[in-house]
Amino acid sequence: MKNYEKYKKGYFIPPVCEMKWAKKDAIDKAPSWCSVDLRDGNQALVVPMSLEEKVEFFKFLVKLGFKEIEVGFPAASETEYQFLRKLIEDDLIPDDVEIQVLTQAREHIIKKTFEALRGAKKAIVHVYNSTSVAQREQVFRKSKEEIKQLAVDGAELLKRLADETDGNFRFEYSPESFTGTEIDYAVEVCNAVLDVWKPTAEKKAIINLPVTVELSMPHVYANQIEYVCDNIKYRDCVEVSLHPHNDRGCGVADTELGLLAGADRVEGTLFGNGERTGNVDIITLALNMFSHGVDPKLNFENMPEVVEKYETLTGMQVDARHPYSGKLVFAAFSGSHQDAIAKGMKWRSEKNCEYWTVPYLPIDPKDVGRVYEADVIRINSQSGKGGIGYLMEQQFGFDMPKKMREDFGYTVKNVSDQKHKELMPEEIRDIFMETYVNIESPYKMIESHFEQKNGIIAHVTVESGDGIQELTGTGNGRLDAVNKALRDILPAGFAVETYTEHAIGTGSDSRACAYIGLSNADGRTVWGVGIHTDIINASLYALISAINHTK
């Protein structure tokens, strides 16, 4: 590509990089979560949410288990202000939930913020100012000392107004554009703010280290976080928080490595909605932990509901391949994948497995409100016999013989290929019924009865284009007698190779299902299926259906 020469690394390596985080292999506990859907996510919408929609979204976030929710920037717009007032005045904030509000480190904005917070039981006031080289030089045109003084002045004003305002407040500071800031300078500014607030173990401060713009690979961010955690003052009285954006597509990786590096808290949005490429995706983060056996302390057991609520209230769409939540993320179209999943599910059932190890599925779809039959096994021209057979068995109760699954698989794939579309389960069932079950042309069974005389004698009446035929056969059982009776219409060289049967349904509604495979010396096998309340009649239907396929 042209013009690559005009780009250079815009991030800063910490003075010391011990990389202690690299020796850890997993996150072992959930961080404190703060949803910023109602602020960061909302400001990134083409049409921001209305007051009523924000209230509904807030209630839904509470239902999902969030204990910290950033509700807006009350000094930025009247809707934001009124939303906060409604939450407070209508007593919509549960006692165990802290609301969070954002404000720039500017006096009139901070004052308006505290006006909006009157009467709040408890709240986090989040103040920020940009500290990066680019912002200092190009936007503010101020020195390092002047930028640090802005942060200190904002921290002092927060402390004074909190003392003057009725309520229980905690403080949060963000050196905005942290990733473009010299790391030792970012620590210097944060420590100056903490010296003003003097946090305690009972009333911790939050130092939020945002990936305002992703500039580096995730391991660099982890080194930056580790350095801050090792050098920040009042560490036992401070929650180190992460707020990654996703410009390089590494928001989740940045956050996971940042947590390994010592961070305690994460700010993000449900599906990663936010400015530009978005914020970090909390659902992906939480379920990544879940897949490692860690309770994320959030409830995503009904993912279809979460998706529906999000899409309705924001106007955004969840991509079909979005991790854990997309419509196709558990779907297997490939025949080999379907076969492995089906065998894995069978293994799990046979062995009563304690842990989830099914191939191709990192978590059990049922744990997030999805179902195997509709969501996992999806049928198109790429599908195989294993998946198609699994779907037919699980959804409709047809346990086809192994060789028949292959025959039916090719039939289904050909239909999908010709129609150039995915086939729904009901369509697949219809193909099965039309292709194999109780086929009546060219031969149709009219009636059958049996008598016991030197064995079992079967009398079978069939109708064809040649008229009605009365066929008789003697065997050592009723099915054997039927086979002998139908020899006259069975083409030369074909014989019964496979016969299986099972019940469909239970109790008084159950029916018998019989499968018969006829093969000849050339290796050709044709199949027939019979369904009837009586097993012998089902077997007779299956045999005639198979004979009809030889014609």
Side-chain angles (χ1 to χ4, degrees), residues 8-34 36 40 128 131-133 172-191 194 205-236 238-269 272 274 276-292 294 296 323:
K8 69 180 183 67
K9 298 173 183 176
Y11 54 87
F12 296 88
I13 301 296
V16 178
C17 294
E18 295 185 34
M19 297 184 70
K20 294 174 291 198
W21 58 268
K23 297 179 177 65
K24 303 175 183 178
D25 68 346
I27 298 165
D28 58 9
K29 65 177 182 178
S32 299
W33 299 106
C34 179
V36 295
D40 212 340
Y128 72 95
T131 57
S132 69
V133 174
E172 175 177 350
Y173 172 69
S174 288
E176 192 202 6
S177 54
F178 165 76
T179 46
T181 303
E182 305 92 334
I183 304 306
D184 50 353
Y185 173 64
V187 170
E188 180 184 336
V189 175
C190 291
N191 281 337
L194 291 171
I206 300 168
I207 292 296
N208 189 53
L209 303 172
V211 183
T212 308
V213 178
E214 274 192 319
L215 301 174
S216 71
M217 295 174 68
H219 75 287
V220 174
Y221 183 58
N223 287 333
Q224 294 168 338
I225 298 303
E226 183 174 279
Y227 182 83
V228 173
C229 288
D230 288 346
N231 291 277
I232 203 167
K233 291 183 177 181
Y234 311 95
R235 181 65 184 95
D236 292 341
V238 171
E239 283 190 277
V240 174
S241 177
L242 310 177
H243 184 117
H245 283 248
N246 199 42
D247 302 88
R248 289 170 52 90
C250 299
V252 169
D254 283 337
T255 308
E256 291 185 326
L257 296 191
L259 289 170
L260 288 180
D264 313 295
R265 181 177 184 268
V266 172
E267 294 184 350
T269 57
R276 306 181 310 279
T277 55
N279 289 55
V280 70
D281 178 349
I282 285 181
I283 287 176
T284 298
L285 281 168
L287 291 177
N288 280 355
M289 294 177 196
F290 180 77
S291 73
H292 283 172
V294 175

Could you go step by step and tell me if His243 and Asn279 meet the side chain to side chain contact (heavy atoms under 4.5 Å, CB included) rule? CA-CA 8 Å; His243 184 117; Asn279 289 55; 3.3 Å; yes
Minimum heavy-atom distance [X]-[Y], with the two atoms named:
X      : Y      : value
Leu209 : Pro175 : CD2-CG, 4.1 Å
Cys190 : Ile207 : SG-CG2, 3.7 Å
Gly251 : Glu214 : N-OE2, 3.3 Å
Thr284 : Pro323 : OG1-CB, 3.7 Å

Derivation of the side chain to side chain contact (heavy atoms under 4.5 Å, CB included) call for Asn223 and Trp21: CA-CA 8 Å; Asn223 287 333; Trp21 58 268; 2.9 Å; yes
Contact check, side chains of [X] and [Y], non-hydrogen atoms, under 4.5 Å:
X      : Y      : value
Leu260 : Leu257 : yes
Thr277 : His245 : no
Val252 : Val280 : yes

For the atom pair [atom1] ([X]) and [atom2] ([Y]), what is the distance rounded to the nearest 0.5 Å?
X      : Y      : atom1 : atom2 : value
Thr269 : Ile283 : OG1   : CD1   : 9.0 Å
Glu226 : Lys20  : CD    : NZ    : 4.5 Å
Glu239 : Glu172 : CD    : CD    : 9.0 Å
Thr179 : Leu215 : OG1   : CG    : 4.0 Å

Please indicate whether Lys24 has more than 12 foreign heavy atoms, meaning atoms of other residues, nucleotides or ligands, lying under 6.0 Å from its NZ. yes
Counting only heavy atoms not in Met19, do more than 12 sit closer than 6.0 Å to its CE atom? yes
Determine yes or no for a side-chain-to-main-chain donor-acceptor pair under 3.5 angstrom, with Ser177 supplying the side chain and Thr212 the backbone. no
Between the side chain of Asp264 and the main-chain N/O of Val240, is any donor-acceptor distance below 3.5 Å? yes
Show your working on side chain to side chain contact (heavy atoms under 4.5 Å, CB included) between Val187 and Tyr227 and close with a plain yes or no. CA-CA 9 Å; Val187 170; Tyr227 182 83; 4.0 Å; yes
Would you tell me whether Ser241 and Arg265 have side-chain atoms, one donor and one acceptor, within less than 3.5 Å of each other? yes
Ser174 side chain to Asn208 side chain, donor-acceptor N/O pair below 3.5 angstrom: yes
Applying side chain to side chain contact (heavy atoms under 4.5 Å, CB included), run through Val220 and Phe12 and close with a yes or a no. CA-CA 9 Å; Val220 174; Phe12 296 88; over 6 Å; no
